[in-house]
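This one's a predicted model, so the numbers in the text were calculated from it and none came from an experiment. Every chain is numbered from 1, with letters handed out A, B, ... down the list of sequences. Note that these values count all heavy atoms, side chains included, but never hydrogens, waters or copies made by symmetry.
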Amino acid sequence: MMTDLPQVSLLPDENRTTLFVDVILPVSVPNLYTYRVPLELNELVKVGARIIVQFGKSRVLTAVIAKIHQTPPEKYPAKYLLELLDEHPMVTGHQLELFSWMADYYMCCIGEVLNAALPSGMKISSESHLQYNPDFDSSIPLSDTEHLLLETIKKKQSLSYEEAASLVGQKHLYKIVKSLIAKQAIIIIEEVKEKYKPKIVKKIRLLEIYEQRDNLQALFQILDKKPKQLNILLKYLQLVPVLSNPVVNKEGVDKSLLTQDDASASSLKTLIKNKIVEEFEIIVSRFEEGSPVENYQLKLTDTQRQAADEILQWFKTKDTVLLHGITGSGKTEIYIELIKQVLDSGSQVLYLLPEIALTTQMVNRLRKIFGDSMGIYHSKFSDNERVEIWKGVLNGQYSFVIGVRSAIFLPFDNLGLIVVDEEHETSYKQHDPAPRYNARDVALMVAKKQYGKVLLGSATPSFESYYHARTSKYGFVKLDKRFGEAQLPEIVLVDTRMERRMKKIKNNFSTVLIEELRQNMENRQQSILFQNRRGYAPYIACEECNWIAQCQNCAVSMTYHLHNHELRCHYCGHTEKSPAVCPACGSTKILTMGYGTEKIEDELQLLLPHSRLGRMDLDTTRKKNAYQQIIEAFEAGQTDVLIGTQMVSKGLDFERVSLVGIFDADRIINFPDFRSHERAFQLITQVSGRAGRRDKRGKVIIQTANAGQPLLQNVIDGNYTGLYEKEMHDRKKYNYPPFCRMIRLTVKHVQHTLAEKAAAVLAGRLLEKLGMNRVLGPESPVVNRIRNQYLKDIIIKLEKDNINLKAVKEMIRNEMQEVCTQKEFRQVTIVADVDPL
DNA sequence: AGCACGCCGACT
DNA sequence: GTCGGCGTGCTC
């Protein structure tokens, strides 16, 4: 009778220890949260494993364990964690360290970092399902909406919260559901399911007994009268020579190979039913496996070999090396050589590329060399595929990954080398949701933590990186010979003002450009036209009253798109039909002003009626595979001229392109930003590099209203360093990066005055702490209203040395917090962008 | 960021 | 009096 009590206390102490876990939630909350571990999981919880927790009243989230301890929280009782998802950690210690560093450095929440890092397939969704209670007393009166919802639930057996919400209209849902529960009409089930599903292929094989000749012969007899089934069997035997090699039968063939039509499918079904063949499933990787080409010999030129050696030499003393190699100098071969060496030494490699440069061309090329030990991490891939790469990196299946920005978050633990190709590319910086990180810079930190090296490569390095190379922070290798002695293109400036005055310009094409295009076409050569602006016209205006179509949510003009006659805001995505008459004065004289890729395409079709044109910009590549199709058509010579935005500027190497036309160079050059010249040089040089690859010297025609500007001369001469020196002089003088660190705070509010006021208060407080040399603004950005929110920028400039950066950022965060909690500024949001571009 | 709860005005 | 708007503060 007393036996029960002592038994409990006799249990070993360890088993009764109450454990708690501090977890990172993939949401925008500032702290870690503490949950209690159910006793039965005590042995199983691990730092880095994912768990399911209830967060708040109705949310169920996936969290990652950051710490396991025994200290119960003082101020609140900890909730139990609901479920442990991983036996083995999915997030490594290195990653946890990185997340926390990034949250500090980029002034965001660690949860926001986690959210960016984890592919959403690893963040389990909570779906509350509503179910009809069969014991419901239907005499209880219901409101109309309640009735509607209940009927739907009854009909569909079970309804997800979201489905119900869309049926009823989000805002009323909670109360209706609550009331239905109170009336015992429905029951709620919380359903958590894993999103990740491995790809499964259905296979067919012959039953084992038919691997024997006699049995198989007998089978033929049986099927003699059933030609369709026999047919399938013969087909199978053709693919799998069972008699000569019975072992191959084990692996079978893909079911899809045997079933081309319904008839064969049904015959196959009969074969399965009659126990002649069997169906089985295997889990496959989502990528076609390409085995490495045996004895692949990389042929480096002497120059390339020398550069590779130099890089290795530098790595002995520096963690980072900048490779400055002009377009067509064969940087990729050097990367490949180094990657192979690092992989051979047993370390992992990450090769980062900007999204638009991660082309099929590139992937196929690398696949041939590295086979299936190479993983591809691309945003165009589905979640399942991303999860597979993640797991593959963890379990060692992939020692080499080629990927875009977010690949920097993969769970490597032994990175020997990170290659950041086109390191100057702005797409390495994430702009919108936090964390506003730059993968190129994060790569340096990742490598440092794992004692790995970073190779930055570019034909036009960012001035920051070049500066670090010059000041010996990075090693530096220069490659200025084009592969196979190909010549740099000839660059011609066309003065559009002059041409316009002489009435030689047709629409937006100078006579020179149109003539070259015509000739190029006649010679069966291809051309690329670059205009860094999509749509037909950047704005439309009324000739009578000067009315301009503006976005209702943003302080920008609406871009006119000829396709479906639409006006579109490129900031918020708002669209409306283009008006036939001026909304202000009723005039029908509405003109399109300026020009984008769509208009160029339109005009060129008129000027060269027989030309076959392709256009590549955000509008034509939105659909899946559209990008690929446009490129393939161009590659196959089905298009004469490819017109496009930045998308055409990199990663595409075409043999027959010998002419590049650049429109409106001035707009690229005179962008109001301290980096505009650097950018213009990079962009124009990159686009020019598309002209003339091998034997033929290409030609580049730049249309400009100001042919005399020095920057264009720099471009013509390929004088990178000249521009660098000049720009550095200015940046030093006016204290811009790389001579300072910059942090931009953007204050947003729907009311202009409140945004202004809050920004002024914040700037004032920061000024007090940092002094007037370090705080600029508040200032209105060029586009001062986006999505109905007015914007005010405050720029903070901090010296690079002798400053406690962490403490200053902490202080800034506090001040932001302080301002936001003032009653007046409750609705104001402030975003911090560290190292903005 | 969500999301519930509460305090206010508009209408049955 | 109830419904539903929006402001406010919390989430282990």
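With A:Lys809 contributing its side chain and A:Tyr105 its backbone, the two residues share a donor-acceptor pair below 3.5 Å. Checked by atom type and distance alone, the side chain of A:Gln95 pairs as donor or acceptor with a backbone atom of A:Thr92 at under 3.5 Å.
Side chains of A:Asp835 and A:Tyr437: a donor-acceptor N/O pair is absent below 3.5 angstrom, by distance only.
The CZ-C1' distance, from A:Arg59 to B:dG2, rounds to 4 Å in whole Å. In this structure, NE2 of A:His69 is placed 15 Å from P of C:dC12, rounded to the nearest angstrom. Between A:Asp432 atom CG and B:dA1 atom C1' the separation is 13 Å, expressed in whole Å. Atom P of nucleotide B:dA1 and atom CG of A:Leu114 are separated by 16 Å, given to the nearest angstrom. In this structure, A:Leu19 atom CG and C:dC12 atom P are separated by 20 Å, rounded to whole Å. Rounded to whole angstrom, the span from the CD1 atom of A:Ile24 across to the P atom of B:dA1 amounts to 19 Å. Atoms CD (A:Glu824) and C1' (C:dT8) sit 17 Å apart, rounded to a whole Å. Computed from coordinates, the A:Leu25 CG to B:dG2 P distance equals 13 Å when rounded to whole Å.
Considering only side-chain atoms of A:Phe55, the nucleotide from C:dG7, C:dT11, B:dA1 that sits closest is C:dT11. Here C:dG7 is the nucleotide among C:dC12, B:dA1, C:dG7 with the atom lying nearest to any side-chain atom of A:Gln827.
One cannot find a donor-acceptor pair under 3.5 Å joining the base of C:dC12 and the side-chain atoms of A:Tyr35.
Distances shorter than 4.0 Å separate some side-chain N or O of A:Arg826 from OP1 or OP2 on C:dG9.
For the side chain to side chain donor-acceptor pair (under 3.5 Å) test with A:Arg440, the passing option among A:Glu464, A:Glu423, A:Glu425 is A:Glu423; the others fail.
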